[in-house]
There are 2 protein chains.
Amino acid sequence: MPRSGRLRADAARNRTALLRAVEELLAHHHPAQISMDLVATTAGVGKGTVFHRFGSRDGLMLALVQERAHDLGVAIADGPPPLGPGAPPRARLLAFLSAVVDLVSRNKGLLAALGPAIAAPSDQGPREAHPVYRTWHGHIAGLAGQERPDLDTDMLAHVLLASVHSEPILEALARGEGERLDRTLRDLVTALLPDGAASHTKAESRHP
Amino acid sequence: MPRSGRLRADAARNRTALLRAVEELLAHHHPAQISMDLVATTAGVGKGTVFHRFGSRDGLMLALVQERAHDLGVAIADGPPPLGPGAPPRARLLAFLSAVVDLVSRNKGLLAALGPAIAAPSDQGPREAHPVYRTWHGHIAGLAGQERPDLDTDMLAHVLLASVHSEPILEALARGEGERLDRTLRDLVTALLPDGAASHTKAESRHP
DNA sequence: CATTAAACTGACCAGCAGTCCAGTTGCTGC
DNA sequence: GCAGCAACTGGACTGCTGGTCAGTTTAATG
């Protein structure tokens, strides 16, 4: 898997063709029955090309997820409130969770693709969660920690994110019931971070 | 996969040998690298026997999970409070969540085994969640609904259960950090179901 | 247009879940 | 006790998968 320098014209074309192919296949088939051969054929390239570019099945899925998550990443870093900086943590958190639910809802297969990729390739030691998960997790934990530094916000963030990995919930999302999940997460967060929870308006978070 | 009538002596012996084998393999290896061939060899039987008894890889995993979950199932149906009937819903819910976290913690691979089995074998329509998940989900939703019938407790139960399916959380559990998860779930539930939440002591839940 | 490194390809490999059936074995009625 | 049979057993076999590689093509550069 070549480093991300400038891609040759044909390479770039094939790269996007492959991502588009996965995207489409994921919309109509369950991830488990999408073979790399099928992806390659759909994209109109040889199978070797897939592995030359993405290294592995997980690499391909990861690339797709990163592409889809890119906009949201920009929005929380630089965008306008309440998603971006400026709004109070609780509002930002609620906005972020809504955005994630929305993102996942609109892309049925997105997290189904992410799921396997977040798991172990083999049984090496500590395992690295992939960048998208890390970013989302850090964002949630950070915001929650500003309002409730007394909680284990690290674990809390994992719990909240877990909901978009669960099969039954992904099914519900596929059925268009994203609103229900959004509402439930909202209820949870508002119950946990009541309106004036922060001890200081200008939050001074403690980093343990 | 034969119906669950009385098993012949040798069949019963092989059945438990196979379950023990999976159990042990799951303790030392990642689920993805446990082949049915390996399971059969470890148990000292032929591969055909595995499929004759359990039908499929998922069937085998499911059987193991059911065995492990059996005691808990009995405890919530007939056992003493707070796990069993008799205690107020909130206390039962907290006790149940602790028990689940405990169960999963003590069996690293248990939910890792359950994970794939809960997913789609192919892309048939509605998909059946397996019995253990259904039971757990129904229990949580029922208890929560008694205290807060205004909430979408069905979705809430999915969200709470999702935490024991998440890879990062399973890792944490494997590292012995079950207490952290237990605490976090506790915080969530107590925030959501405050002490005297139920409008009626004898709850009358609404089934949508 | 010549050169070169990058990119492409599809035959190939090892390993997997699941099938199949010929041979074996525990059970049951007599 | 034993005969007969259904249930059980095992391991060779199949079809498919993710991943590899040596040989070929092609975009970029001066």
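The shown structure was predicted, so the numbers you read here are calculated from the model rather than taken from an experiment.
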### Residue from B/R57, B/M36, B/M61 passing side chain to side chain contact (heavy atoms under 4.5 Å, CB included) with B/V22
B/M61

### Query
When the distance from CZ of B/R15 to P of D/dC8 is rounded to whole Å, what number comes out?
12 Å

### Message
Classify B/I34 by what it touches in the nucleic acid, base, sugar-phosphate, or nothing, heavy-atom distance under 4.0 Å.
### Response
sugar-phosphate

### Message
Side chains of A/D58 and A/L62, heavy atoms from C-beta outward: is any pair under 4.5 Å?
### Response
no

### Message
So if I define the base as every atom that isn't primed, P, OP1 or OP2, how would nucleotides 19-30 of chain D read as a B/S/- string at a heavy-atom cutoff under 4.0 Å?
### Response
BB-----BSS--

### Query
Hey, are the side chains of A/D102 and A/D182 touching, using non-hydrogen atoms and a 4.5 Å cut-off?
no

### Task
State, with a plain yes or no, whether a side-chain heavy atom of B/L97 is found less than 4.5 Å away from one of B/R186.
no

#### Entry: Nearest-angstrom distance from the residue atom CZ of A/F54 to C1' of C/dA7
13 Å

### Message
A side-chain contact here means heavy atoms from C-beta on lying under 4.5 Å apart; do A/L181 and A/E177 qualify?
### Response
no

### Query
Just to confirm, is there a sub-4.0 Å distance from OP1 or OP2 of C/dA7 to any side-chain nitrogen or oxygen of A/H52?
yes

### Summary
Those residues at least two apart in sequence (or on a different chain) that pass side chain to side chain contact (heavy atoms under 4.5 Å, CB included) with B/P82 are B/A87, B/A95

### Task
Specify the separation, in whole Å, of atom CG of B/L38 and atom P of D/dG11.
15 Å

### Task
Take the protein atom CG of A/L18 and the nucleotide atom C1' of C/dT9, then report the distance between them rounded to whole Å.
13 Å

### Query
So does A/N14 get a side-chain nitrogen or oxygen closer than 4.0 Å to the phosphate oxygens (OP1/OP2) of C/dA7?
no

